[in-house]
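Here is how names work: the chains are called A, B, and so on, in the same order as the sequence lines, proteins then strands, and each is numbered from 1. The structure displayed is predicted, hence computed values, not measured ones.
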Amino acid sequence: MRRIRTVFDLEKWKREIIAKQGQYETEISVCGGTGCHAYGCKKVKNELVKAIRKNGYRSKVRLKFTGCRGFCERGPIVTIQPQGIFYQRVQEKDVPAILSETVAQGRVLEYLLYEDAVTKRKVTSEKDVSFYQKQQRVVLENNGLIEPTKIEDYIRIGGYQALAKALGEMTPDQIIDEVKAAGLRGRGGAGFPTGIKWEGCRKAPGFPKYVICNCDEGDPGAYMDRSLLEGNPNLILEGMIVGAYAMGAKQGFIYVRHEYPLACRNAETAISQARKVGLLGQNIMGSGLDFDVEIAQGGGAFVCGESTALIASIEGKVGEPRSKQTHTVIQGLWGKPTNLNNVETWANIPMIIQQGSQWFSSMGTEKSKGTKIFSLVGQVKNTGLVEVPMGITLKEIIFDIGGGPQNGKRIKAVQTGGPSGGCIPAPLFDLPVDFDSLTQVGSMMGSGGMIVMEEGTCMVDVAKYFVHFLQEESCGKCLPCREGLKRMGEILEGITDGQGNGESLFLLEELAQVVADTSLCGLGKTAPNPVLSALRYFRPEFEAHIEQKKCPAAVCTPLIKYAISQGGCTGCGACQKVCPTQAIAGERKQPHRILAELCGKCGSCRDICKANAVLVQ
Amino acid sequence: MKPKTVNLTLDGALIEAEKGSTILQAARQFGIHIPTVCYLENLSPYGGCRVCVVEIGHNGGGKTFLDTSCTHEVREGIVVQTKSPRVIRARRMLAELLVASAPNVKIAQDIAARMGLLRVRFPMEDQRCILCGLCIRMCSEQMDGRALGFAGRGVTKRVSLPFETRPETCRLCRGCDYVCPGMVAPCPGIKEPGELCGRCTRLEEMPNCCPTGTFGCFCERNPL
Amino acid sequence: MDYKPVEGIIGRYQGKRTALISILHDIQDHYHYLPEGVLKKVSARLEMGLSNIYGVVTFYKSFSLVPKGKHSITLCLGTACHVQGRGKILREMTKLLNIEPGETTRDKKFSLQVVNCLGVCAIGPVMLVDGRYYGEMNSLKAKRIIQKLGTNKGGGKA
């Protein structure tokens with residue numbers, strides 16, 4: 001590892017790395033994101049390491065264990081350069097063939113290729129995969145090309161060039177002007193103009209100043225920040241160093257959730273390598289800038305994603321938010337000016353500096369510039385991370401990129417913005433996705449979580465889920481959030497239990513309004529959104545629960561019944577074996593039936609029935 | 001030397017308030033009453049009960065928002081309404097939530113009576129601690145007992161001693177008891193489940209209900 | 001109780017207050033819970049009030065003041081997992097192990113907890129057992145995994 005003392009050192013080292021890595025004929029990238037880990041990517045990688053060594057390929061084949069590629073549905077993902085071959089769902093047993101056929105002889109293994117859901121054709125290269133085609137992966141692009149634990153990989157693809165440009169050719173004010181001109185808005189959910197935030201911090205009196213990266217990503221269903229920090233931690237570091245220079249900060253923190261151990265480890269490695277190389281510490285690249293970064297861990301609290309709660313957490317206190325009358329850029333960590341930005345926001349900075357604000361603002365819409373990474377999950381065919389220019393419609397994301405419904409049922413709604421957002425019903429899918437359009441219909445873009453829900457989802461159940469979630473995560477300081485959410489949960493529980501009455505909805509709405517109006521922090525203020533948006537678009541479902549004591553989607557346990565279709569049942573008896581309450585009666589080869597009084601509604605019978613003969617009503 | 005002041009509009013009146021003071025302090029100075037639960041003069045404001053919310057806007061118009069007057073510092077040109085319909089609606093619901101969880105704490109009944117609450121639409125509980133945090137602030141700010149703190153979070157939040165044992169720094173000064181609203185039982189005593197008091201709002205009962213014979217429930221805590 | 005590792009852990013973070021949570025995580029990794037005596041040492045070394053430390057430990061869900069079970073089972077509380085049927089799995093787990101989330105079985109074999117979104121939503125519902133991720137769970141598969149762990153007499157992780 002080198003020490004980079006000047007801009008020229010960086011250039012020189014980059015050329016040396018390219019020359020050194022040019023010796024490899026083939027590069028195999030194995031996705032090492034947490035999602036692929038669950039599918040066994042580590043075994044695949046270890047097997048490849050062994051096989052490469054055994055076949056004597058070590059000097060010819062470079063194996064890279066990269067960060068998350070985004071197409072988590074199809075993990076483990078293995079790509080082979082320079083041919084650009086894209087293999088999905090690779091297992092340990094496929095390794096010998098990959099080496100002997102593809103690497104040695106250039107033959108493609110058909111069964112590992114991605115099959116397009118619509119055309120049913122197999123696709124060889126990554127750029128032809130329909131999941132990736134409509135995307136514009138400017139931020140996530142390099143996740144598949146670099147090993148996050150090797151700073152050399154990052155430098156090879158041009159890393160830290162933006163920093164060199166900022167330190168060598170620009171003044172702090174010029175940098176802030178550039179960020180303002182680019183129109184970058186915070187990617188954590190609130191969408192505050194980043195340039196203006198930076199300016200506020202720069203102008204604020206006080207010393208020392210701090211910059212913080214928020215990787216608390218609590219929104220359930222969102223994991224963009226995890227992938228970014230896991231897969232390309234140097235990108236975030238570079239953004240933070242540029243920011244520190246622009247705002248005059250001396251110390252930075254990356255606050256990582258405890259639930260993201262791999263992101264934490266990779267960030268630690270990047271920091272220690274950056275320090276060794278001289279990109280963190282004193283007199284960075286000879287510019288006179290002294291700046292260092294530390295990792296601060298979370299302890300399992302969603303509320304710590306809120307900026308003042310996060311700052312309290314770093315100070316070693318409980319994650320209780322405080323009034324934001326005085327913004328954190330004026331008084332933040334230890335009462336000093338503090339600039340807090342989301343991971344994705346920091347990740348956009350190097351590009352803006354390197355390629356200019358005009359390039360950045362050419363993407364997106366008038367008020368929402370650039371791209372946004374979404375995590376498309378739920379009941380959709382192609383789940384994973386999607387990076388698209390702002391302004392693309394929901395329909396394009398869910399159907400063109402997502403491939404449509406997972407189980408072939410009709411898509412009912414999509415939940416955006418996590419617990420601060422709301423559901424958007426299918427008829428509104430022509431809406432463009434940006435900071436403002438979704439807010440107008442009662443939801444919000446939020447941090448980027450998009451959860452697709454098919455017909456079999458009960459919207460009352462979803463509203464109840466979010467209220468319970470926020471109740472668990474509320475810090476408990478203020479009355480409306482602590483008690484209000486509890487009472488909202490009680491009302492929704494009553495409705496799904498069949499105990500709702502005519503007043504329930506009215507009381508729910510009244511309560512929701514006050515919780516939104518009087519809560520101290522964003523958690524409480526936006527807590528009613530999921531409920532209010534569900535009521536706005538799916539009121540008949542609520543009314544069905546209350547008036548007819550029925551759950552149209554057949555989800556709410558107290559209101560449903562399990563039964564076996566007499567025509568469909570083959571009498572195999574598999575359900576009888578797994579029923580924990582012995583509630584299924586029937587002879588072998590005769591249609592079985594469920595005894596309602598004994599049925600615990602656990603669903604085990606439906607899970608195991610091969611004939612799909614178990615009905616839920 | 002005269003302290004720096006700012007000009008703001010409070011309930012329609014243009015007033016001058018000392019810079020660095022809060023809306024609540026300014027309101028009290030001008031005789032405008034704002035009910036509070038978790039606020040006590042000489043202890044730092046907490047902003048937890050949200051009962052003292054007021055509607056705040058700006059001179060030039062635009063959107064207004066609600067914030068607690070005990071924590072919100074006065075700023076030049078703000079327009080404050082302490083009894084707008086939005087504020088009243090919010091306070092009524094907060095009162096309903098408070099009295100539903102702690103009907104046997106006098107201040108909860110007081111606020112409910114003040115807001116004219118006639119019924120509670122939530123299942124009643126019987127908490128004796130309203131999590132106002134006054135005891136904690138008294139202990140740490142005035143008495144340096146360093147014994148009390150919040151533990152847990154959300155609905156399981158509670159006031160606690162570290163590891164449920166009284167530390168040596170606690171001198172049994174009883175400051176915590178002194179400031180605790182939960183120590184004050186409602187005037188006619190412990191309530192039946194679901195019972196709301198509000199007698200002080202009913203003129204014919206007023207002289208008979210208060211044991212000290214003063215002007216109803218709005219005595220020490222909520223000066224008229 | 002052996003307090004020697006505590007000094008090392010605090011030293012690793014230079015006794016900084018900003019590292020309190022990291023210190024507590026490391027302590028819990030070592031002792032499998034947060035012993036009162038150790039927390040008192042942390043309070044003294046970091047010069048932070050014991051009330052504050054106690055408040056922090058009871059506020060954050062990752063920390064436990066009582067020893068955790070040999071096998072930790074974590075269910076993801078995320079929306080995507082919920083929509084794919086996580087609720088049923090949780091019901092089965094609580095019935096099978098006879099404990100609520102946040103508790104440990106009496107024989108100290110299993111600790112059950114729910115966690116806010118693990119960030120692997122694409123393969124939901126997700127269950128994390130002893131550091132290993134299991135995707136696309138349903139109540140049946142979950143039951144089988146637990147039963148296999150329960151009969152594993154040997155020490156160490158499954």
Could you look at A/Cys304 and say if it's the side chain, the backbone, both or neither that has a heavy atom under 4.5 Å from chain C? side chain

By a 4.5 Å heavy-atom criterion (distance strictly below it), what part of C/Lys141 contacts chain A: side chain, backbone, both, or neither? neither

Check whether more than 12 heavy atoms from other residues, nucleotides or ligands sit under 6.0 Å from atom NZ of C/Lys68, and answer yes or no. yes

What part of C/Val56 lies closer than 4.5 angstrom to a heavy atom of chain A: side chain, backbone, both or neither? both

Any pair with a residue in residues 51-62 of chain C that passes side-chain hydrogen bond (donor to acceptor under 3.5 Å, both in side chains), sequence neighbours left out, goes on the list, sorted by first then second residue, please. A/Ser313-C/Tyr60, A/Glu472-C/Lys61, B/Arg158-C/Tyr54, B/Glu164-C/Tyr54

Nearest 0.5 angstrom please: A/Trp334 CH2 to C/Thr18 OG1, how far? 7.0 Å

Heavy-atom pairs under 4.5 Å with chain C - which of A/Gly319, A/Gly418, A/Pro419, A/Gly449 has more of them than the others? A/Gly319

Of all the residues in residues 22-39 of chain C, which have a heavy atom that comes within less than 4.5 Å of a heavy atom in chain A? C/Ser22, C/His25

Residue selection (most heavy-atom pairs with chain C, distance under 4.5 Å) from A/Ile314, A/Val452, A/Asp219, A/Thr457: A/Ile314

Part of A/Arg74 lying under 4.5 Å from any heavy atom of chain C: neither

So C/His82 and A/Asp461, do their side chains get closer than 4.5 Å, heavy atoms only? yes

Check each atom of A/Ile451 against the heavy atoms of chain C and say whether the ones under 4.5 Å are side chain, backbone, both or neither. side chain

Counting only heavy atoms closer than 4.5 Å, note whether A/Val380 contacts chain C via side chain, backbone, both or neither. neither

Under 4.5 Å heavy-atom distance to chain C, tell me which part of A/Glu473 shows up: side chain, backbone, both or neither. side chain

When A/Lys601, A/Gln415, A/Gln379 are compared by non-hydrogen pairs under 4.5 Å with chain C, the top option: A/Gln379

Closest heavy-atom contact between C/Glu136 and A/Tyr39? OE2-OH, 3.0 Å

Could you go step by step and tell me if C/Arg91 and A/Thr557 meet the side chain to side chain contact (heavy atoms under 4.5 Å, CB included) rule? CA-CA 11 Å; C/Arg91 270 204 300 276; A/Thr557 325; 3.7 Å; yes

